[in-house]
Amino acid sequence: MKVEHSLEIRVRYNETDGQGRVHHAQYLNYFERGRVELLRSLGHSYRDFEASGLMLVVSEMNVRYLGAAEFDDLLRVTTSVLRTRGVRIEHAYEIVKPAAGLLASERGTPESATDQPIVKATSVIACVDRTGKVQRLPKYMRIPTA
């Protein structure tokens, strides 16, 4: 079962560097927003997850920068679950700048090869309790994937 969620992000001025492009570290924040919204799309709140005494921490992040985004660009962040195992969730991320600055729904056309890839990444996220001890993922987060 493929589990993924897409999110629109408009680049804010404070997210750019001296060259007017999105600062490379800012993409980590976009990935986090993607993970939070993916969980919400599955009917769960990250706030409630933390209130239960658990947290998700990044244990590995691999990022490939393929292009540049600038202030006021509209981006589509797609977050997907690659697999879950015991205490870990592996995610994949893709950030693209839609063709002509419009999302597919605004163009009235399907996503196309003219969308400009900006970033591709993967991460491993571990579940821990408030003391930092690893904990098994809650059942609703154990997603069977192919």
### Message
Pair Ile125, His91 - check side chain to side chain contact (heavy atoms under 4.5 Å, CB included), show working.
### Response
CA-CA 8 Å; Ile125 310 296; His91 291 98; 3.7 Å; yes
### Task
Carefully, step by step, assess Arg88 and Glu90 under the rule salt bridge (Lys or Arg N to Asp or Glu O under 4.0 Å).
CA-CA 7 Å; Arg88 295 182 296 227; Glu90 296 179 31; 5.3 Å; no
### Query
Should Val3 and Leu38 be marked as a side chain to side chain contact (heavy atoms under 4.5 Å, CB included) after you check the CA-CA gap, both sets of side-chain angles, and the distance that decides it?
CA-CA 8 Å; Val3 177; Leu38 173 64; 3.8 Å; yes
### Message
With side chain to side chain contact (heavy atoms under 4.5 Å, CB included) as the criterion, how do Leu56 and Arg35 come out once you've worked through the C-alpha distance, each side chain's angles and the decisive distance to 0.1 Å?
### Response
CA-CA 10 Å; Leu56 296 174; Arg35 289 191 306 272; over 6 Å; no
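Note that the NE2 atom of His5 and the CG atom of Leu7 stand 6.5 Å from one another [nearest 0.5 Å]. Residue Ile118 holds its CD1 atom at 10.5 Å from CD of Glu94, rounded to the nearest 0.5 Å. Taken from CD1 in Ile9 to CZ in Arg33, the straight-line distance is 4.0 Å, to the nearest 0.5 Å. A distance of 11.5 Å separates OG1 of Thr79 from CG of Leu39, quoted to the nearest 0.5 Å. Between the CE atom in Met61 and the CG atom in Leu28 there is a gap of 5.5 Å [rounded to 0.5 Å]. For the atom pair CE of Met55 and CD of Glu50, the computed distance is 6.5 Å after rounding to the nearest 0.5 Å.
Here the closest non-hydrogen pair linking His24 and Tyr65 is O-OH, 3.2 Å. Residue Leu75 comes nearest to Pro98 through the heavy atom pair CA-CD, 4.3 Å, listed as atom of the first residue, atom of the second, then distance. Contact detail for Ser80 and Glu4: the closest heavy-atom pair is CB-CB, 3.5 Å. Among all heavy-atom pairs drawn from Val96 and Pro117, the shortest one is CG1-CA, 4.0 Å. Of all heavy-atom pairs spanning Ala68 and Lys97, the tightest one is O-NZ, 3.4 Å.
A donor-acceptor pair under 3.5 Å is absent between the side-chain atoms of Asn62 and the main chain of Ala121, judged by distance alone. Judged by distance alone, with hydrogens and angles left aside, the side-chain atoms of Arg21 form no donor-acceptor pair with the main-chain N or O of Ala69 at under 3.5 Å. Looking at Arg136, its side chain never comes within 3.5 Å of a backbone N or O of Cys127 through a donor-acceptor pair. At least one donor-acceptor pair under 3.5 Å links the side chain of Asp73 to the backbone N or O of Glu70. Between the side chain of Thr84 and the backbone N or O of Ile143, at least one donor-acceptor pair lies under 3.5 Å. Gln26 places no side-chain N or O within 3.5 Å of a backbone atom of His23 that could act as its donor or acceptor partner.
A heavy-atom distance below 4.5 Å is not found between the side chains of Glu8 and Arg10. The shortest side-chain heavy-atom distance between Val119 and Arg64 does not fall under the 4.5 Å cut-off. You'll find the side chain of Leu66 stays beyond 4.5 Å of the side chain of Ile95, heavy atoms only.
Partners of Arg40 by salt bridge (charged side-chain N to carboxylate O under 4.0 Å, His left out), not counting sequence neighbours, listed by chain and number: Glu37. Residues meeting the side-chain hydrogen bond (donor to acceptor under 3.5 Å, both in side chains) test with Asp17, sequence neighbours left out: none.
Using cut-offs of 30° and 60° on the angle between ring planes, the pair His44 and Tyr140 is parallel. Ring geometry for Tyr27 versus Tyr30: interplanar angle over 60°, hence perpendicular rather than tilted (30 to 60°).
Under the 4.5 Å side-chain contact rule for hydrophobic residues, Val87 and Val124 do not share a cluster. Residue Val77 is grouped with residue Val58 when hydrophobic side chains (ILVMFWY) are merged at heavy-atom distances under 4.5 angstrom, including chains of intermediate members.
Within 6.0 Å of CZ in Arg85 there are more than 12 heavy atoms belonging to other residues, nucleotides or ligands.
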